[in-house]
Amino acid sequence: MLETIATKAIEKNEKLLTDLAKKIWDHPETAYNEVKACEWTAEVLRSLGFEVEVGYADLPTAIRATWGKGHPVIGFLGEYDALPGLSQKVGTEKEAIEYGAPGQGCGHNLLGVACLGGALGMKAELEERGLEGTVVYYGCPAEEALTGKTFMARNGAFQELDLALAWHGGTMNAVNVGCSNGLNSAIFHFKGITAHAGGDPHNGRSALDAVELMNVGANYLREHVTSDVRIHYVIKEGGTAPNIVPDNASVWYYVRAQSREAIDDTYRRLVLVAEGAAHMTETQLEIEFLGGCYNTLGNEVLAQVAHDCMENIQGPQWTEEELEFANKLNLASPQYQKMKDAGQLEGPAIHSEVAPVTHRDGYGSTDVGDVEHIVPGIMINTATCNRAAPGHSWQITSCAGMSIGEKGMLYGAKVLAATAVKLAEDPELVKKAQEEFKTNMKGKTYKCPIPKEIPIPQPQK
């Protein structure tokens, strides 16, 4: 098994890292409101000898922390935002700490800390061996809003890097170079004329009718887009009572696809649908564009380096209590029977082997894709929850607040650190990763999907 100065530094600082992860879990904060998580993460980075800037790139809860000099300049992409409505106690049954409150249903309390651990491990090894290289830790807000890194990129972040490394906890130990969808997010507001729905409906112009007609048009649009496109929506406002013609209604849309070109084209057509609905109902349309992100762009060179490190670093040793905890969660999962029938639950209740490098496309989204269109990058996954845990679920929140999540986080930190050190040791690997990146970009350059006039959200008071 691979043991290095970097991995031993993470072991030495295990309590510091797990305490930070638990503190962030205990105080979940949603996108752009990660004030405490940002403050606590910055304090730890300073204590470890990093130069720290809070409020980086004009985002109040963003961090840039650096150590070292020269090349390669390697970035670690930390996150710490929680999900609304996913408050959950550590346990094997669904039970909120506070009903309706946020919770770490995507494990971002672990994510930011794993990347911090990777950064401190790389720093320790470079420092002790006198190697050249620059470590950059980014605390990135609002990944769950899919705009945090995009706003950061709009303001010049990540351009300094030679390479970027990301990590995410999940149900297995793997490095995936498949594509996850990019996205546009917008709210379509319709304004009509109110009237008595029974007494004088002819004088009304229903904003809700406009929303419903837009949704019908969007559903017909689905037939005429490429298979990677996903269009989904929720009605945010639809009126107050059946006997009042609604003068205000709104619907929030996501448009996802595996390229910016497909996203932009589908979104353009969706706007035409909305404009048509406004014409049909004689209502006024206002579009509130919230932002967007790129699809991911995996890098085979980086994936292979990370996979080799993952195979050669000792993974978590699960206790009987942890395995029993995970087994109960598996049995409680709505995916249990389907996964069991497919043979996906064979072996321990927590994934313990290392999967081969995968090329599996996913249809969710992450703003890591924006960074991967600026510099070569890769995302590493290690198991931090039970095999059958659904995404964005109370089961993930539960595991993220206990030893299962923490052990997977520390394993991920070691893989990140070891990967970064191997890249720092071998400039030829860095060069190959950059050459692959140029080939994958096909002569294109990153263009931020969020226009300059859209303001950065601020923390809620």
Side-chain angles (χ1 to χ4, degrees), residues 30-33 59 81-86 100 102 141-151 154 181-194 205-222 225 229-240 244-257 260 262-294 363-367 369-370 392 448-461:
T30 54
Y32 295 108
N33 298 305
L59 279 75
D81 57 326
L83 283 161
L86 278 177
E143 190 279 335
E144 296 297 354
L146 297 169
T147 52
K149 295 180 192 67
T150 317
F151 276 118
R154 191 182 75 176
N181 280 355
L183 169 143
N184 271 6
S185 172
I187 303 174
F188 295 82
H189 300 276
F190 294 90
K191 185 171 180 60
I193 301 172
T194 190
R205 299 293 182 268
S206 173
L208 179 59
D209 285 354
V211 163
E212 292 189 290
L213 285 165
M214 179 185 176
N215 294 345
V216 169
N219 288 327
Y220 277 104
L221 176 61
R222 296 179 197 278
V225 295
V229 171
R230 301 289 187 270
I231 305 169
H232 32 273
Y233 60 83
V234 292
I235 296 174
K236 290 183 64 66
E237 183 181 10
T240 56
I244 304 170
V245 174
D247 59 345
N248 289 290
S250 60
V251 59
W252 184 5
Y253 269 83
Y254 278 3
V255 173
R256 304 187 200 244
R260 275 313 307 177
I263 297 164
D264 292 339
D265 184 59
T266 305
Y267 180 73
R268 175 190 64 82
R269 296 168 72 189
L270 183 66
V271 169
L272 292 175
V273 169
E275 291 172 347
H279 281 296
M280 285 189 284
T281 54
E282 293 187 289
T283 56
Q284 301 298 312
L285 169 66
E286 178 185 334
I287 301 173
E288 182 185 357
F289 186 74
L290 300 177
C293 65
Y294 271 68
Y363 296 96
S365 304
T366 171
D367 57 13
D370 287 75
H392 288 188
C448 184
I450 304 180
K452 278 285 186 185
E453 60 269 19
I454 294 181
I456 295 167
Q458 301 297 301
Q460 297 174 357
K461 300 295 184 183

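Any value given below was found using the heavy atoms of this structure, including those in side chains, with hydrogens, waters and symmetry copies removed.
When side chains are defined from C-beta on, T281 does not count as touching R205, because their heavy atoms never get closer than 4.5 Å. Residues T30 and E144 have side chains not in contact (no heavy-atom distance under 4.5 Å, counting atoms from C-beta outward). Two residues are said to be in side-chain contact when any heavy atoms from C-beta on lie closer than 4.5 Å; R256 and L146 meet this criterion. For the pair D370 and P449, the minimum side-chain heavy-atom distance is below 4.5 Å. In this structure, I231 and Y253 have side chains that are in contact, with non-hydrogen atoms separated by less than 4.5 Å. Inter-residue side-chain proximity for F289 and N184 is flagged as met; some heavy-atom pair is nearer than 4.5 Å. Residues M214 and Y233 are not in side-chain contact: their nearest non-hydrogen atoms beyond the backbone lie 4.5 Å or more apart. Between I193 and V245 the shortest side-chain heavy-atom distance does not fall below 4.5 Å.
Atom CD of Q284 is surrounded by 12 or fewer heavy atoms from other residues, nucleotides or ligands within 6.0 Å.
In plain terms, the two heavy atoms of V255 and L270 that are nearest each other are CG2-CD2, 3.7 Å. The heavy-atom pair separating I263 from G182 by the smallest distance is CD1-C, 3.2 Å. Residues L208 and P246 approach most closely at CB-CG, 3.8 Å, considering heavy atoms. The shortest non-hydrogen separation linking A82 to P102 is CB-CB, 4.3 Å. Between A210 and A277, the shortest heavy-atom contact is O-CB, 3.4 Å. Closest approach of A257 and V229 over heavy atoms only: CB-CG2, 3.9 Å.
Between the side chain of R260 and the backbone N or O of L183 there is at least one donor-acceptor pair closer than 3.5 Å. In this structure, the side chain of T150 does not engage the main chain of C293 through any donor-acceptor pair within 3.5 Å. A donor-acceptor contact shorter than 3.5 Å is absent between the side chain of D81 and the backbone of P141. Under the 3.5 Å distance criterion, the side-chain polar atoms of Q458 are matched with a main-chain donor or acceptor of I456.
Legend: residues meeting salt bridge (charged side-chain N to carboxylate O under 4.0 Å, His left out) with R154, ordered by chain and number and at least two apart, are absent. Legend: residues meeting ring pair (Phe, Tyr, Trp, His ring centres under 6.0 Å) with Y254, ordered by chain and number and at least two apart, are H232, W252.
Rounded to the nearest 0.5 Å, atoms OG (S206) and CG (N248) are 10.5 Å apart. Distance check, rounded to the nearest 0.5 Å: CD of E275 to CG of L285 gives 6.5 Å. The line from CD of E237 to CD1 of I187 is 10.5 Å long, rounded to the nearest 0.5 Å. Between atom OG1 of residue T194 and atom CD1 of residue I244 there is a gap of 6.0 Å, rounded to the nearest 0.5 Å.
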Checklist entry - Given the rule in the side chain to side chain contact (heavy atoms under 4.5 Å, CB included) test, do F190 and D209 qualify, once you have shown the distances and angles that lead to the verdict? => result CA-CA 9 Å; F190 294 90; D209 285 354; over 6 Å; no

Next on the checklist: side chain to side chain contact (heavy atoms under 4.5 Å, CB included), that's the test. Do K191 and E286 meet it? Break it down for me.
Outcome noted: CA-CA 8 Å; K191 185 171 180 60; E286 178 185 334; over 6 Å; no

